[in-house]
Amino acid sequence: MSTIAAFYGGKSILITGATGFLGKVLMEKLFRTSPDLKVIYILVRPKAGQTLQQRVFQILDSKLFEKVKEVCPNVHEKIRAIYADLNQNDFAISKEDMQELLSCTNIIFHCAATVRFDDTLRHAVQLNVTATRQLLLMASQMPKLEAFIHISTAYSNCNLKHIDEVIYPCPVEPKKIIDSLEWLDDAIIDEITPKLIRDWPNIYTYTKALGEMVVQQESRNLNIAIIRPSIVGATWQEPFPGWVDNINGPNGIIIATGKGFLRAIKATPMAVADVIPVDTVVNLMLAVGWYTAVHRPKSTLVYHITSGNMNPCNWHKMGVQVLATFEKIPFERPFRRPNANFTSNSFTSQYWNAVSHRAPAIIYDCYLRLTGRKPRMTKLMNRLLRTVSMLEYFINRSWEWSTYNTEMLMSELSPEDQRVFNFDVRQLNWLEYIENYVLGVKKYLLKEDMAGIPKAKQRLKRLRNIHYLFNTALFLIAWRLLIARSQMARNVWFFIM
Ligand SMILES: CCCCCCCCCCCCCCCCCCCCCCCCCC(=O)SCCNC(=O)CCNC(=O)[C@H](O)C(C)(C)COP(=O)(O)OP(=O)(O)OC[C@H]1O[C@@H](n2cnc3c(N)ncnc32)[C@H](O)[C@@H]1OP(=O)(O)O
Ligand SMILES: NC(=O)C1=CN([C@@H]2O[C@H](COP(=O)(O)OP(=O)(O)OC[C@H]3O[C@@H](n4cnc5c(N)ncnc54)[C@H](OP(=O)(O)O)[C@@H]3O)[C@@H](O)[C@H]2O)C=CC1
């Protein structure tokens, strides 16, 4: 029997961000490996017209939880959704619910965050910093609490090149920022934001760094650990390969490339593509929860869960494999044939943006207008290019993350725990993983049926023929124009004819 799985038996676990990508996989694994756990409290807000219960049912009814229902048929009874909004004082939790949380919680996994790169400083600080502080305050009033696991990001210190498993100080104290945001108006905040975030590439990474500082400052005598994953990707093995459910990170890029919208990306092909499967991250989280509670390290340990130093893959290798997978398993109804390039030069990048992105969008919008429909492609393309430009920082650099604590933890696990809670990324076969990833994007994100593949292949053939026809016509027009102007071109033309 796995020691870690047994540890979670009978426990009351509080998860924030349980409705997010990481949170769902965490819940799934907990229920599957420790079906005898007492309860999972999740802090949820109503969203998109759905009540808390509807949101929980939707998660439990998804394909991700199919295996769970076999090993833990009463899973519905073991989830206790608590109304909470982390943007509000005391999270707007009712008195009774708060009382229950304070008196019963054994372990906390704090996953909730805003992961948007362009969020306002006010909102990002509220969620990634103030809410973390408030949760720590709650944690300090929990007599049965054994461990508090805070999820940060490997990019919280991406202004450094080499990052150790330590908490780095930020230039401005989080408390000062929290206090000043209370009285500054939005216009002034917008003005001072670039000065505050300095060499951090965006508000997200900056506020995650502040969040870590808050954890360090407010840790009191709690057993705390911080986990820093790099770019979290689709599942590698569990509960099945390729599961993914949002467009963040590489996912949106894979869709945009597979649908033929994105044809060139400004990237450094040899830079490390530090993607880490979500199930690997979750396995480490559960192992850290156990280790922190049982071994009670004297200080707050930071764990990096990254792939680059153990089993590196670069963007070139990833890109080639993604494109190869599109050949075998194309996406349905592509705008153009999926065929993309990496370019590391700003000038060529702008050239490709004009020729391969904006021009086809304008031509397509003209076609829509002519056929009496509303043009939309230029707008969509502009948003896509804006998104890609925000990701560029991360695909044009490599970082080194030390992983002493993560390796130490691996060596502390029994062989059975190493198998059940595997976070050894050296065993990952990138080509296989990427193929399953693309397949997962098709099946679980785009919800496309595999039966549609022959039709999609036919459409690709048609698009290729249109592409050849268009290029030939373009060449002939250019040549004809040249003939009109140059004697030499005319001679060559008559010679060929
Ligand atoms: C021979 C060579 C071959 C070469 C071949 C080449 C082939 C290439 C093949 C591919 C190979 C793989 C390469 C992969 C590179 C990926 C790098 C990833 C780096 C990630 C670093 C992460 C580091 C930190 C990790 C962390 O620690 S945490 C997680 C990170 N956090 C995020 O990833 C949130 C980002 N996002 C936002 O910050 C917001 O999304 C916002 C952007 C502000 C827009 O915001 P906005 O426009 O207001 O609104 P949205 O509703 O969000 O989206 C509105 C519209 O944008 C679209 N769209 C949103 N997203 C994405 C997205 N990704 N990609 C694409 N589109 C997206 C969405 O489809 C919607 O389209 P529409 O509706 O217009 O049709
Ligand atoms: N995905 C990645 O590549 C990486 C993620 N991380 C970290 O992992 C953690 C989880 O990320 P991920 O799962 O990808 O993010 P998601 O955006 O998928 O999930 C965010 C979660 O936070 C919840 N949340 C946001 N605002 C509030 C609020 N006001 N009140 C209550 N809940 C709220 C969301 O709830 P709702 O569903 O209601 O919106 C959702 O459950 C984050 O801390 C992130 O920084 C770190 C490295 C990489």
(request) Could you verify whether a donor N or O on one side chain and an acceptor N or O on the other, from T193 and D190, lie under 3.5 Å apart? (result) no

(request) Give a yes or no on whether the ring-centroid distance for Y444 and F240 is below 6.0 angstrom. (result) yes

(request) Could you verify whether a donor N or O on one side chain and an acceptor N or O on the other, from D274 and S307, lie under 3.5 Å apart? (result) yes

(request) List the steps, then state whether salt bridge (charged side-chain N to carboxylate O under 4.0 Å, His left out) holds for E70 with R32. (result) CA-CA 9 Å; E70 286 165 24; R32 189 158 42 81; over 6 Å; no

(request) Answer yes or no: is there a donor N or O on one side and an acceptor on the other, between the side chain of D185 and the main chain of I188, under 3.5 Å? (result) yes

(request) Rounded to the nearest 0.5 Å, what's the gap from OG on S152 to NZ on K208? Could you check? (result) 5.0 Å

(message) I want to check something: taking the side chain as every heavy atom from C-beta on, are I163 and H304 in contact at a cut-off of under 4.5 Å?
(response) yes

(request) Could you tell me whether D449 and K443 have a side-chain N and a carboxylate O separated by less than 4.0 Å? (result) no

(request) Take Y437 and I254 through the side chain to side chain contact (heavy atoms under 4.5 Å, CB included) test and state the conclusion after the steps. (result) CA-CA 9 Å; Y437 196 147; I254 292 173; 4.0 Å; yes

(message) If only side-chain N and O atoms count, and only distance matters, is there a donor-acceptor pair under 3.5 Å linking E212 with S156?
(response) yes

(message) Please report the interatomic distance CZ(F21) to CG(L64), rounded to the nearest 0.5 Å.
(response) 9.5 Å

(message) For K69, is there an ion pair with D61 - N to carboxylate O distance below 4.0 angstrom?
(response) yes

(message) Quick check: W200 with Y155 (ring centres under 6.0 Å apart)?
(response) no

(message) Working to the nearest 0.5 angstrom, can you tell me the gap between I189 CD1 and L121 CG?
(response) 6.5 Å

(message) Is there a side-chain contact between L136 and I224 in this structure, where contact means two heavy atoms from C-beta onward sitting under 4.5 Å apart?
(response) yes

(request) State, yes or no, whether a side-chain contact exists between H123 and T114 at a heavy-atom distance under 4.5 Å. (result) yes

(message) Under the rule for side chain to side chain donor-acceptor pair (under 3.5 Å), what residues qualify as partners of R80, not counting sequence neighbours?
(response) D97, E100

(message) Return the CD to CD1 distance between Q216 and I167, rounded to the nearest 0.5 Å.
(response) 4.0 Å

(message) Donor-acceptor check, side chain of N309 to backbone of W401, threshold 3.5 angstrom: yes or no?
(response) yes

Would you tabulate the side-chain donor-acceptor contacts of residues 281-290 under 3.5 Å, counting partners in other chains and residues two or more places apart, or write 'none'?
unit_1 : atom_1 : unit_2 : atom_2 : d
N283   : OD1    : K29    : NZ     : 3.0
N283   : ND2    : D279   : O      : 3.4
N283   : ND2    : N422   : O      : 2.9

(message) Tell me if the NZ atom of K317 is crowded by more than 12 foreign heavy atoms within 6.0 Å.
(response) yes

(message) Could you tell me if the side chain of F7 sits less than 4.5 Å from the side chain of S2, heavy atoms only?
(response) no

(message) Less than 4.0 angstrom from a charged side-chain N to a carboxylate O is my criterion; do E238 and K67 meet it?
(response) no

(request) Kindly indicate whether the side chain of I40, heavy atoms from C-beta on, has any atom under 4.5 Å from the side chain of F31. (result) yes

(request) Please answer whether the main-chain N or O of L431 pairs with a side-chain N or O of N429 as donor and acceptor at a distance below 3.5 Å. (result) yes

(request) Would you name the heavy atoms of N89 and Q134 that are closest together and state the gap between them? (result) C-NE2, 3.4 Å

(request) May I ask you to decide whether K259 forms a salt bridge with E448, counting only side-chain N to carboxylate O separations under 4.0 Å? (result) yes

(request) Determine which pairs satisfy side-chain hydrogen bond (donor to acceptor under 3.5 Å, both in side chains) with at least one residue from residues 160-170, sequence neighbours left out, and list them in order. (result) H162-D164, H162-E400, D164-S402, E165-T406

(message) Check this for me, if you would: do R296 and E146 make a salt bridge, where the nitrogen-to-carboxylate-oxygen distance has to be below 4.0 angstrom?
(response) no

(request) Answer yes or no: is there a side-chain heavy-atom contact under 4.5 Å between N128 and Y206? (result) no

(message) What verdict does the side chain to side chain contact (heavy atoms under 4.5 Å, CB included) test give for I203 and D118, after you've listed the backbone C-alpha separation in whole Å, the side-chain angles of each residue and the deciding distance to 0.1 Å?
(response) CA-CA 7 Å; I203 288 175; D118 68 340; over 6 Å; no

(request) Could you grab the distance from atom CD1 of I79 to atom CG of L60, nearest 0.5 Å is fine? (result) 4.5 Å

(message) What I'd like to find out is whether the side chain of L101 reaches to under 4.5 Å of the side chain of I93, using heavy atoms alone.
(response) yes

(request) Check the side chains of N436 and W236 for a donor-acceptor pair under 3.5 angstrom, ignoring hydrogens and angles. (result) no

(request) Compute whether any side-chain donor of one residue and acceptor of the other, for H110 and T132, lie under 3.5 angstrom apart. (result) yes

(message) Could you walk me through whether T268 and N396 satisfy the side chain to side chain donor-acceptor pair (under 3.5 Å) test, starting with their C-alpha distance in whole Å, then the side-chain angles of each, then the deciding distance to 0.1 Å, before giving a yes or no?
(response) CA-CA 5 Å; T268 306; N396 283 287; 2.9 Å; yes

(message) Quick test of your reading of the model: are R419 and E416 salt-bridged, counting only N-O distances below 4.0 Å?
(response) yes

(message) Does this structure show an ion pair linking K24 with E28, if we count only N-O contacts that are shorter than 4.0 Å?
(response) no

(request) Please confirm whether F57 and H76 have ring centers closer than 6.0 angstrom. (result) yes

(request) Drop me the distance from T207's OG1 to D119's CG, to the nearest 0.5 angstrom. (result) 8.0 Å

(request) Compute both the distance and the angle, then confirm whether R397 meets the cation-pi test with Y393: under 6.0 Å from the six-membered ring centre, within 45 degrees of the axis. (result) yes

(request) Evaluate the side-chain proximity of F423 to I305: yes if any heavy-atom separation is below 4.5 Å, no if none is. (result) yes

